[in-house]
Undergrad: 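Encoded as structure tokens, here's the structure I'll be asking about.
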Amino acid sequence: MSSLLYTKLNSESYHDSSSSTSSLDDSCEEQSWWEKHTSRPKHNQTLELLKILRWPLALTLLTVNAICLLTIIWVQDSPRPLLGEINGLVPQFSQKEVVFSLDEGVTSDHETLESIEETKGRWLEDVPQGNGFIEIKDWQKYRLPPPVKQPNGDPDSYAIAVFHQMHCLYEIMAHVDALQISFHNQSQSQSPTTPPSNSLFPPPPSHKSNIWHINHCFSYLRNALMCCSDTTLEGQGKRDHAGTDGTGATHVCRDYDAVKEWAEGMGVGEGKSI
């Protein structure tokens, strides 16, 4: 049997082997540290970068959102003022609280010319000089219909709606006065009569053009009331039987005196009529 040959290891060879192993370990350890600090996976590097940049990114996004929101608020149309003029040609007036009450001075006794004339004077107190017509230059630049043609040589102008509405309401009341006077005279004389010819009265209701005027006033005031849509809650009136007459309720109103004063300052022409 052949003898097995073993390499004889002396102390020196063992020492060399040990030194070689130690050098290899040191090399591996250095490589491990280098890989640890320089060879991290890409997704880990991305996470680290996001952690560093998360606050600057958040602040940037918030700034962009704020700028967008402010831009939208800036460019969007401003809300139209209640009952206001859409072109901004008439200033916005202050509001005030008004308690509705019965004003006996704004209606006549429907029997005497003296009372009717006195009532008309009371209504004229609420009409501005120029009857609420104002001139608008270069009206084509605005969202406006053509102006009213003035036959007396005054500039073409526009009627402020509230004074038109007041005129229509008075026109209806004047017809009631004329009919009441006619009925009163008929009961006194026992014979049919027509309303007296007087500047205080409009033409007789049988006149076709005047019938159109009355119908126009009813329609116009109906539209005006629907436009205002006053939501004030009205309770029991001062009369004995159940029902409301509109008195006692507090309304939020435009300052009529301020509107009248402004209209007079801007008015076209002189004199008053209703």
Side-chain angles (χ1 to χ4, degrees), residues 76-98 100 103 105-107 116-175 199-203 209-210 212-232 251-274:
Q76 70 179 359
D77 293 334
S78 57
R80 298 173 183 174
L82 177 65
L83 305 179
E85 200 279 320
I86 61 174
N87 298 286
L89 297 171
V90 178
Q92 296 188 40
F93 298 97
S94 61
Q95 297 177 340
K96 65 178 182 179
E97 295 181 353
V98 178
F100 281 22
D103 185 351
V106 300
T107 55
I116 294 172
E117 186 171 5
E118 183 178 348
T119 299
K120 184 174 184 178
R122 172 65 183 82
W123 278 70
L124 286 173
E125 293 177 5
D126 295 327
V127 179
Q129 291 289 339
N131 295 322
F133 284 86
I134 65 172
E135 181 183 8
I136 302 297
K137 297 184 181 299
D138 300 325
W139 62 270
Q140 296 90 342
K141 297 191 304 184
Y142 307 103
R143 292 175 56 191
L144 288 171
V148 178
K149 298 291 184 182
Q150 299 294 344
N152 55 3
D154 288 331
D156 293 347
S157 52
Y158 289 86
I160 302 173
V162 61
F163 304 115
H164 183 186
Q165 295 161 9
M166 293 282 285
H167 158 75
C168 273
L169 189 57
Y170 178 83
E171 186 76 9
I172 294 172
M173 188 184 68
H175 274 278
S199 61
L200 295 176
F201 298 111
S209 63
N210 202 55
W212 177 91
H213 195 171
I214 290 298
N215 290 339
H216 151 73
C217 286
F218 276 117
S219 178
Y220 181 69
L221 288 178
R222 177 180 178 273
N223 288 331
L225 292 172
M226 293 175 67
C227 176
C228 295
S229 297
D230 188 350
T231 56
T232 301
H251 298 246
V252 178
C253 306
R254 278 226 178 89
D255 189 338
Y256 185 89
D257 292 334
V259 177
K260 175 188 171 187
E261 181 179 356
W262 179 84
E264 287 187 336
M266 297 289 293
V268 175
E270 297 180 354
K272 293 184 178 184
S273 63
I274 192 163

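Everything numeric in this text was worked out from a predicted model, so none of it was measured.
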Undergrad: With sequence neighbours excluded, tell me which residues meet salt bridge (Lys or Arg N to Asp or Glu O under 4.0 Å) with Lys141.
TA: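 By the salt bridge (Lys or Arg N to Asp or Glu O under 4.0 Å) rule, Lys141 matches no residue at all.
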Undergrad: Quick check for you: to the nearest 0.5 Å, what is the distance between His213 atom NE2 and Phe218 atom CZ?
TA: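 Reported to 0.5 Å precision, the distance equals 11.5 Å.
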Undergrad: Closer than 3.5 angstrom, by distance alone: can the side chain of Tyr158 be matched with the main-chain N or O of Gly132 as a donor-acceptor pair?
TA: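 The answer is no, because no donor-acceptor pair under 3.5 Å joins these two groups.
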Undergrad: Mind checking side-chain hydrogen bond (donor to acceptor under 3.5 Å, both in side chains) for Thr119 and listing every partner two or more places apart, or none if nothing turns up?
TA: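 For Thr119, no residue satisfies side-chain hydrogen bond (donor to acceptor under 3.5 Å, both in side chains) once neighbours in sequence are set aside.
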Undergrad: Which distance, rounded to the nearest 0.5 Å, do you find between the SG of Cys217 and the CH2 of Trp212?
TA: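 Rounded to the nearest 0.5 Å, the SG-CH2 separation comes to 8.0 Å.
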Undergrad: Go through the structure and list residues passing side chain to side chain contact (heavy atoms under 4.5 Å, CB included) with Leu221, not counting sequence neighbours.
TA: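 With neighbours one apart ignored, the set is Gln165, Cys168, Leu169, Ile172.
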Undergrad: Only pairs under 3.5 Å count here: list side-chain donor-acceptor contacts from residues 257-268, not counting sequence neighbours, and write none if there are none.
TA:
residue, atom, partner, partner atom, Å
Lys260, NZ, Glu125, O, 2.5
Glu264, OE2, Gln129, N, 3.2

Undergrad: If you measure from the Lys or Arg side-chain nitrogens to the Asp or Glu carboxylate oxygens, is any gap between Lys120 and Glu118 under 4.0 Å?
TA: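 No, no charged N to carboxylate O under 4.0 Å.
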Undergrad: List in chain and number order the residues that pass ring pair (Phe, Tyr, Trp, His ring centres under 6.0 Å) with Phe163, two or more places apart in sequence or in another chain; answer none if no residue qualifies.
TA: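 For Phe163, the residues satisfying ring pair (Phe, Tyr, Trp, His ring centres under 6.0 Å) (neighbours in sequence not counted) are Tyr256.
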Undergrad: Got Met166 and Val127 here, is their nearest side-chain heavy-atom distance under 4.5 Å?
TA: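 No. Closest side-chain heavy atoms not under 4.5 Å.
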Undergrad: Tell me, please, which residues at least two apart from Leu89 pass side chain to side chain contact (heavy atoms under 4.5 Å, CB included).
TA: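 Leu89 satisfies side chain to side chain contact (heavy atoms under 4.5 Å, CB included) with Glu85, Asn87, Ile136, Tyr142, Leu144 once adjacent residues are dropped.
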Undergrad: Measure the spacing between CD of Glu270 and CG of Asn131 and express it to the nearest 0.5 Å.
TA: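 It comes to 12.0 Å.
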Undergrad: Would you list the pairs meeting salt bridge (Lys or Arg N to Asp or Glu O under 4.0 Å) in which at least one residue belongs to residues 153-169, sequence neighbours left out?
TA: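 Those involving residues 153-169 are Lys149-Asp156.
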Undergrad: Test: side chain to side chain donor-acceptor pair (under 3.5 Å). Region: residues 217-232. Which pairs qualify, not counting sequence neighbours?
TA: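 Sorted result for residues 217-232: His164-Tyr220, Asp230-Thr232, Asp230-His251, Thr232-His251.
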Undergrad: Residues two or more places apart in sequence or in another chain: which of them pass side-chain hydrogen bond (donor to acceptor under 3.5 Å, both in side chains) with Ser94?
TA: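 For Ser94 there are no side-chain hydrogen bond (donor to acceptor under 3.5 Å, both in side chains) partners, ignoring immediate neighbours.
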Undergrad: Could you tell me whether a side-chain N or O of Trp123 sits under 3.5 Å from a main-chain N or O of Tyr170, the two making a donor and an acceptor?
TA: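 Judged by distance alone, no pair lies under 3.5 Å.
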Undergrad: Who are the ring pair (Phe, Tyr, Trp, His ring centres under 6.0 Å) partners of Trp139, not counting sequence neighbours?
TA: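 With neighbours one apart ignored, the set is empty.
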Undergrad: Please find the pair of heavy atoms, one from Ser157 and one from Gln150, that lie closest to each other, and give the distance.
TA: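 Of all heavy-atom pairs spanning Ser157 and Gln150, the closest is OG-NE2, 2.9 Å.
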Undergrad: Could you pull out all residues at least two apart from Val252 that satisfy side chain to side chain contact (heavy atoms under 4.5 Å, CB included)?
TA: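 Per chain and number, Val252 pairs via side chain to side chain contact (heavy atoms under 4.5 Å, CB included) with Gln95.
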Undergrad: List in chain and number order the residues that pass salt bridge (Lys or Arg N to Asp or Glu O under 4.0 Å) with Lys96, two or more places apart in sequence or in another chain; answer none if no residue qualifies.
TA: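 Per chain and number, Lys96 pairs via salt bridge (Lys or Arg N to Asp or Glu O under 4.0 Å) with Asp255.
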